[in-house]
Number of protein chains: 2
Amino acid sequence: MQRRAEIPALGSLGSSARAVVRALLLAGPLSRAELARRLERSPASLTKITRPLLDSGLIQEETAPLSESRGRPGAPLTLDASRHRFIGVKVTAGEVYGVRADAAGRVEASAHRPLVDVKQGTVVGQIVHLVKELAEPGPVQALGVGLAGQMSRFDRTVRSNAYLGWDEVPLARLLEQATGIPTVLSGDARALTAGVQWSGPGRGLSDFAVLTVGVGVGLGIVLEDRVLAGPTGKVGMLGHHRVSDSGPLCTNGHRGCASAFLTTDAITRGIGVPLGRTDLDLETAFRLAEEGDDVALRVFADAGHALGVLIAELVNILGLPAVILAGDGLGMLAHVRPRMDAALAEHLDPNATTPSVVPFTSGFDEWARGAAVVACQWMLVDPPSPALEPA
Amino acid sequence: MQRRAEIPALGSLGSSARAVVRALLLAGPLSRAELARRLERSPASLTKITRPLLDSGLIQEETAPLSESRGRPGAPLTLDASRHRFIGVKVTAGEVYGVRADAAGRVEASAHRPLVDVKQGTVVGQIVHLVKELAEPGPVQALGVGLAGQMSRFDRTVRSNAYLGWDEVPLARLLEQATGIPTVLSGDARALTAGVQWSGPGRGLSDFAVLTVGVGVGLGIVLEDRVLAGPTGKVGMLGHHRVSDSGPLCTNGHRGCASAFLTTDAITRGIGVPLGRTDLDLETAFRLAEEGDDVALRVFADAGHALGVLIAELVNILGLPAVILAGDGLGMLAHVRPRMDAALAEHLDPNATTPSVVPFTSGFDEWARGAAVVACQWMLVDPPSPALEPA
DNA sequence: GTCCTTTCCTTCACTATGTCAACTAAAGAG
DNA sequence: CTCTTTAGTTGACATAGTGAAGGAAAGGAC
C-alpha cells in the first residue's frame, strides 16, 4: 500500500498533465494510445507526460489489459479519484450547505449550518466551521463556494450581492486565510450546472441547459463543453421572462412571467388563495391535483405550459439537444409534464430537433456538490490559476 | 517598394505568428510590449516572434513612435491588411453573390451571377466563374462560401441542405480542385456574424447577437469572442418562435410566430391583403405608415413588438449587452422602433441590463463579405487547419 | 508451433517555442 | 544631468512536443 501523503496536488501539475487528468476523470480508464488520440498528441508525448504521473502515484497502470480488436492491447491508466478531496459550499437564505466530494464528484460527507444573519463575519464564520467539520479525514485540495448573483467563472470577490447586502467582499481570500485551503467563488446556478456536467446527468453531453425550479427559476447553459458564465455573469435571467400574455402577476407585478407560474410560492398561492387556504404547501397541492381539483389542475397546467415555453425558447435560440430539469420544485413534474410536452411541441421551431428533457431530482446537497466540482475544475484549468495568495 | 510576391501566406505561419497577426488585425498598430501583454508572453518572445515577420515583409515597424505616459515609446507594428485577399461567396435563392475583401474585411470588388438551377454542376460552375472574375489582381489566400443550413465552423462538406436538395456534397474539395484556392464552407448566418464581429459594428464587442430580418428571421451569437456554431449547427431557429398568443398565421400555419410578424412577406401581405392590394411592396408599406394608414401602423406596431420580444428573450437568456439588427428588411426599423423599445422594456427581466440595440444597414454583399472574413479567420485559427488537399 | 500483421509503447535526437537575467535604448521628471 | 520608467534585444537555458526507428504483445494464417 502506497503512502497517501506522497500524491501531488492536482493544482501543482503542468498543463499537459492536467489535460491527462481531465481526460481520465471524464472518460475512465484510458490507454496511452487512446489519450494521445483524444488530446491530439503523439504517442511519444504520452509516454513522456504519463511517466512522472505514474512515478508519483497519481495515476496507476491497471494489470488487466484492454483488449479490443487485434494488435497489442493497451495498458489502461486510471486515476483514483477518491484520493483527491474537495469541499463545496452553497450559501442560501437562512442556511449554509456543504459537502465533501472526491475528484469524480462523489459525495463523501455533507453537513449544514443555520445562518442567523448575513453579516460578513457571521457568514464567513459559519462557512469556516462547516469546512473544518467536513475537512476532517485527509487533506482537501480546494474549496468552492456557490452564491446567488453575478460572478465570473472562478471568481475571488463578491462584487455586489443584493441578497446578502454585500459589496466588494474578498470572500475567497478571507476563507483562504481562515482555512488554509485554496478557494474559488462561483455563481450558484453555474456551480450546479458544472456538477451536472461533470458527474450528473449531463456527463458526456457537450451541449445542454439546466433549468431549475423552486424558490426561483434558474438557468445554466453548457455550450461546446464549456459552462457559460455570461458576459457580465448575467446568464439566465429568466425569472421574469414573459411566458404568456395573460396569467397571474408575479411578486414584481409582471403579468405572465415565468416566476408567476413556476415558483413554489406561485403554485401554493395560485391554488391556496382561491380555496381560501393561505398556508397550503406543495404536498397538499399535489394531492389536490391527484384528486382532480379544478383549481390545482389549472395551476399545474399553466406551470407545465410555462415550462414548455421556456424549454422551447432555449432550444430554438441555442439548438440544444438536451435540457435537464432540476431544483426542489421538480416534484411537480409528474403533474405538469403532459402540458409541458404539449407547449414544447407547440412552440418549438419546426426545423429544430426535439430535445430530450431529463428530470434530475436532487436536494440542496446538489448545489453544494456543484461548488465542489467547480473547485476541482479550478485546479485543472489551463492555463493554471494563480496559486494560493500568501496569508 | 517591396516586391509583393515575397509576402508569405497567412496560412503558412506558426501558431504564435498567427496570434500576432490576429492581434494586429483586431487592434490596429501595437507595440511589441503591448502585444506581449495581450498575448500573455514575455517581451523577449515578442522580439523573437516578430523578427521573421518583419524580415519577410508581412508586418512593418512604423516610424512614428507611440508615446504614451513616460518611458521609452513603443515602436508600433502594423500589418498591411490590403496585401492579403480573400473571396467570400453567398449562395441564395436564385443568385450567387461574391466579394473580394482584404484581411481587414474591406470590400475591394463585388459581383453576382444568376443561378438557373440548383444542380451541383451548375452551382459549382457559377461559383467558379464568380471566383475567377473576382480573383483577378494578385493572389487570393482563401475562399469562403456561406450557405443556409447546418454546418460546423469551417466545414468542408454540405451534409444535408433542404433548399439546394444536396446531400453529402464535398463542395470545398470541388471548389479547391476547380480554383486552386483553399476553401471553407460556413453557415450563412454564422458568416454574417463573423463579418460583423471582425470588421462591422460588432468590432471590439466580445458578446453580442446579430438578428437579421428579411426573407426570413436569422440569428447569430458571439460569446466570449467566439461565434457560436451551435451543437448541430442549429443555432438561431427562431423563425417560427412564438412571440404572441394571438396574431396572424405564418406560412407554416403557426399563430403569432416571429416569421408571421417580421418577414418582408408577412409585412407586405399583412398590409396588402386588408387593403385589397396583393402586390404591395415594402416601399409602399412605408409610405402608408408615414401617411398614417391604420392597417400599416398596426402591422408595423406588431412587427416592433415581435422584434422587442425576441431581443428581450435573447438578453434574458444570455445576458448580452448588445444586439445588432441587420438584414434587407431593416428599412422598417424607423417605423417599428418605438413599439420595439416598449416591448423590449416590458419583457426584459428587471435584473437584466438593458442592451444597446444597433441597426446595421447592409445589402447582400454583407453576407458574402462575412464569408470572406470566415476564410480569413480560417487561415488564422489555432491550431492550424489542414493544408489544401492535393487535387 | 512459426510467421505476419496490427497496435501499443518507448527511446532518442531534434525542433519549436518561450523564459530569465542582463543588458542597451529612449523618453520624461526633477 | 541623473533618476525613473518603459521598450526592446541578446544569449544561455528550459520545456514540450515531434518523427523515426525499433521493441513488445496480442490475434490470425498456415
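Below, read A as the first sequence line, B as the second, and so on, with proteins coming before strands; counting in each chain starts at 1.
Among the atoms of the strands shown, none is found under 4.0 Å from any heavy atom of Leu46(A). Base engagement by Ala44(B) is indicated by at least one non-hydrogen atom pair under 4.0 Å involving a base atom. Across all strands, Ser16(A) comes closer than 4.0 Å only to sugar-phosphate atoms, never to a base (heavy-atom distances).
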Residue pair Leu205(B), Gln197(B): steps toward the side chain to side chain contact (heavy atoms under 4.5 Å, CB included) verdict: CA-CA 7 Å; Leu205(B) 304 177; Gln197(B) 177 200 29; over 6 Å; no
Residues Ser199(A), Arg369(A); criterion side-chain hydrogen bond (donor to acceptor under 3.5 Å, both in side chains); working and verdict: CA-CA 10 Å; Ser199(A) 45; Arg369(A) 196 183 72 83; 2.6 Å; yes
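At least one donor-acceptor pair under 3.5 Å links the side chain of Arg18(B) to the backbone N or O of Leu13(B). When atom types are taken as modelled, the side chain of Gln141(A) and the backbone of His84(A) share no donor-acceptor pair closer than 3.5 angstrom. The closest donor-acceptor contact from the side chain of Arg41(B) to the backbone of Leu46(B) lies at 3.5 Å or more, if one exists at all. For Thr157(A) (side chain) and Arg159(A) (main-chain N/O), no donor-acceptor pair under 3.5 Å exists by modelled atom type. A donor-acceptor pair under 3.5 Å is absent between the side-chain atoms of Glu40(A) and the main chain of Arg37(A), judged by distance alone.
Residue Ser45(B) places no side-chain N or O under 4.0 Å from the OP1 or OP2 atom of dG18(C). For dT7(C), the OP1/OP2 oxygens have no side-chain nitrogen or oxygen of Arg32(A) closer than 4.0 Å.
Here dA7(D) presents its C1' atom at 11 Å from CD of Glu61(B), a figure rounded to the nearest Å. Between the CD1 atom of Ile59(A) and the P atom of dC9(C) there is a distance of 11 Å, rounded to whole Å. Rounded to whole angstrom, the span from the CG atom of Leu13(A) across to the P atom of dA16(D) amounts to 11 Å. Atom CG in Leu35(B) sits roughly 16 Å away from atom C1' in dT6(D) (whole-Å rounding). Between the CD1 atom of Ile49(A) and the P atom of dT10(C) there is a distance of 12 Å, rounded to whole Å. In this entry the distance linking CZ of Arg41(B) with P of dT15(D) reads 18 Å, nearest Å. Atom CG in Leu53(A) sits roughly 12 Å away from atom P in dA16(D) (whole-Å rounding). Taking atom CD of residue Glu34(B) and atom C1' of nucleotide dT6(D), one finds them 12 Å apart after rounding to whole Å.
Of all nucleotides listed (dC9(C), dG17(D), dT10(D)), dC9(C) comes nearest to the side chain of Ser31(A). Side chain of Pro73(A), nearest nucleotide from dT9(D), dG18(C), dA26(D): dA26(D).
A donor N or O paired with an acceptor N or O is found under 3.5 Å between the base of dA7(D) and the side-chain atoms of Arg72(B).
At its two ends the helix from dG1(C)-dC30(D) to dG30(C)-dC1(D) runs along axes set 10° apart, each axis drawn from five pairs and the angle rounded to 10°.
With the nearest nucleotide of DNA chain D identified for both Arg37(B) and Lys48(B), Arg37(B) has the one nearer the 5' end.
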